[in-house]
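Naming: A, B, ... by sequence-line order, numbering from 1 per chain.
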2 protein chains.
Amino acid sequence: MNKPTILIIDDEPQIRRLLEINFVSNGYLVRQAASGKEGLLLAANLIPDIIVLDLGLPDIKGHEVLKVLREWYTKPILILSVQSNENDIIDALDQGANDYLTKPFRVGELMARIRSASRNKTTDETTQILEAGNIEIDLVGRVVKFKGEVLKLTATEYSLLVMLVKNEGKVLTHQFLLKEIWGMSFQAETQYLRVFIAQLRKKIEENPNHPQLIITESGIGYRFQQST
Amino acid sequence: MNKPTILIIDDEPQIRRLLEINFVSNGYLVRQAASGKEGLLLAANLIPDIIVLDLGLPDIKGHEVLKVLREWYTKPILILSVQSNENDIIDALDQGANDYLTKPFRVGELMARIRSASRNKTTDETTQILEAGNIEIDLVGRVVKFKGEVLKLTATEYSLLVMLVKNEGKVLTHQFLLKEIWGMSFQAETQYLRVFIAQLRKKIEENPNHPQLIITESGIGYRFQQST
DNA sequence: GAAATATATAAAGATTTTATAAAGACAATC
DNA sequence: GATTGTCTTTATAAAATCTTTATATATTTC
């Protein structure tokens, strides 16, 4: 799942930095513009998921930026401004802003308003599904189907299978798999891997003695391949 | 074109009158409720296009009203409150409020925020009945029927079942369920979940020892699936 | 091909997680 | 203020999962 992108259009570097730190730590991808012109350009190129716009820009009037943006941009726009003048607020909202916060603002509230604004947009719940032959993995639902039937897997088996299928065709080394699934300190426990690979094979191979899907690369690791 | 309906839930008559005058003169149809209970009832009957909710109600906590409304109501909810405490604002927004204004508010701004909220109109019709196999949930009436019979559930059992059925087929993690039903600060109380899952199973599973509907995903969470 | 190394698998042991009952705490209602 | 229903907490049994051990089988190396 890709991180949502936020575009900050604000001329004050301190504000930009403050926002950046908070957005990044909340899992957003952040891009910044220091002027209206730059902001419009970046918005058109990036098509961010949210725009945070300061009305007090040096070059173009903030209201103007908002108006131009709204000619094509349909995702949430949140206004930040020192102006607490009612008419400014009304104008911005009527020009298509989704929300309006006056500086100084509280960061927690801003984050909550961002969440609220972007909530409506994400209605199309991305059902990400991995497919490989008879196997179907619903990553969002965390459900694996084998030949159409729900396959019961433990947490570790699931992680291992997802890792293998995601890297279909590639050889994954013992070390890599152990590090990714069990953690850094388990890189020597190759036997764990053998046990769990055997369990997976019992569940998804026609004939576990002659595996067609999870291939052993002796001395190196394992590789998942589509059944032929 | 029909006028959009606004439901005002507020115990202060002066505020209600002030809002009514302004909404009516802006072309809205206005209905009023003086308590949380009345508000919930009216909302269920009218299905208004917007709800303006005061958090400082005498009978039920405003946050509770919001939570119950959001179980089925998908249109804009705008909060009015004397509370300018940041946590109240964050909580309300995260519980699904679309906007939050602190009293005293400016009428013009309120009207603009109402316009803004109703602009991104959610086209999806509010689904009011959930069905899954033998289970039928009337979200508006908060009534669950099992094999046609009304099933008696406590508030918590109800919320949990709704969450599971709404996400049929997906695994819901312990953390997610605890956060959604008990709140942010209960994310460690896995035992609550176990107790309530057991109670639900006693009520809806043919054989609670071998659950067919509420499936345990050990170490992860629970998943609701249609009986096959 | 034989020795060394690596892998597969079952099964026992250890640990974690889950299910359930039941007691205590709490709040609402009459 | 007793009663009732619900939620929270505690205790314990049961189940599921993970780890370890043992041994057979396969693969690589020389």
Return the value, rounded to whole Å, for the distance between atom [atom1] of [X] and atom [atom2] of [N].
| X | N | atom1 | atom2 | value |
| --- | --- | --- | --- | --- |
| A:Leu200 | C:dA8 | CG | P | 12 Å |
| A:Lys152 | C:dT18 | NZ | P | 10 Å |
| B:Tyr192 | C:dC26 | OH | C1' | 12 Å |
| A:Phe196 | C:dA10 | CZ | P | 14 Å |
| B:Ile197 | C:dA21 | CD1 | P | 15 Å |
| B:Glu205 | C:dT18 | CD | P | 17 Å |
| A:Ile220 | C:dA6 | CD1 | P | 12 Å |
| A:Ile214 | C:dT9 | CD1 | P | 11 Å |

Pair [X] + [Y], salt bridge at N-O below 4.0 Å:
| X | Y | answer |
| --- | --- | --- |
| B:Arg223 | B:Glu168 | no |
| B:Glu109 | B:Arg113 | yes |
| B:Lys103 | B:Asp54 | yes |

Please identify the 5'-most and 3'-most nucleotides of DNA chain D with any atom under 4.0 angstrom from a heavy atom of chain B.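 For DNA chain D, the relevant span reads D:dT6 to D:dT17.
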
**Request:** Hey, which sits more toward the 5' end of DNA chain D by its nearest nucleotide, B:Glu217 or B:Thr154?
**Result:**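 Mapping each residue to its closest nucleotide by heavy atoms, the 5'-most match is B:Thr154.
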
- Item | C:dA10 OP1/OP2 closer than 4.0 Å to side-chain N/O of A:Lys202 | yes

| said: Tell me whether the side-chain N/O atoms of B:His174 come closer than 4.0 Å to OP1 or OP2 in C:dT17. | reply: no

Position toward the 5' end of DNA chain C (nearest nucleotide), A:Gln199 or A:Gly221: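 Nearest nucleotide further toward 5': that of A:Gly221.
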
Is a side-chain donor-acceptor pair under 3.5 Å present for B:Arg194 with B:Thr216? no

Minimum-distance nucleotide to B:Ser218 side chain [options: C:dT17, C:dT9, C:dT7] |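 Looking only at heavy atoms from C-beta outward on B:Ser218, the closest nucleotide is C:dT17.
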
Discussion item. Using a 4.0 Å heavy-atom cut-off, does A:Thr156 contact any base of the nucleic acid, only the sugar-phosphate backbone, or nothing at all?
Written reply: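 Since only primed, P, OP1 and OP2 atoms lie under 4.0 Å of A:Thr156, the category is sugar-phosphate.
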
Got a sec: does the CD of B:Gln14 have more than 12 other heavy atoms crowding it under 6.0 Å? yes

Whether over 12 other heavy atoms sit under 6.0 Å from A:Arg17 CZ: no

Those residues at least two apart in sequence (or on a different chain) that pass salt bridge (charged side-chain N to carboxylate O under 4.0 Å, His left out) with A:Lys147 are A:Glu206

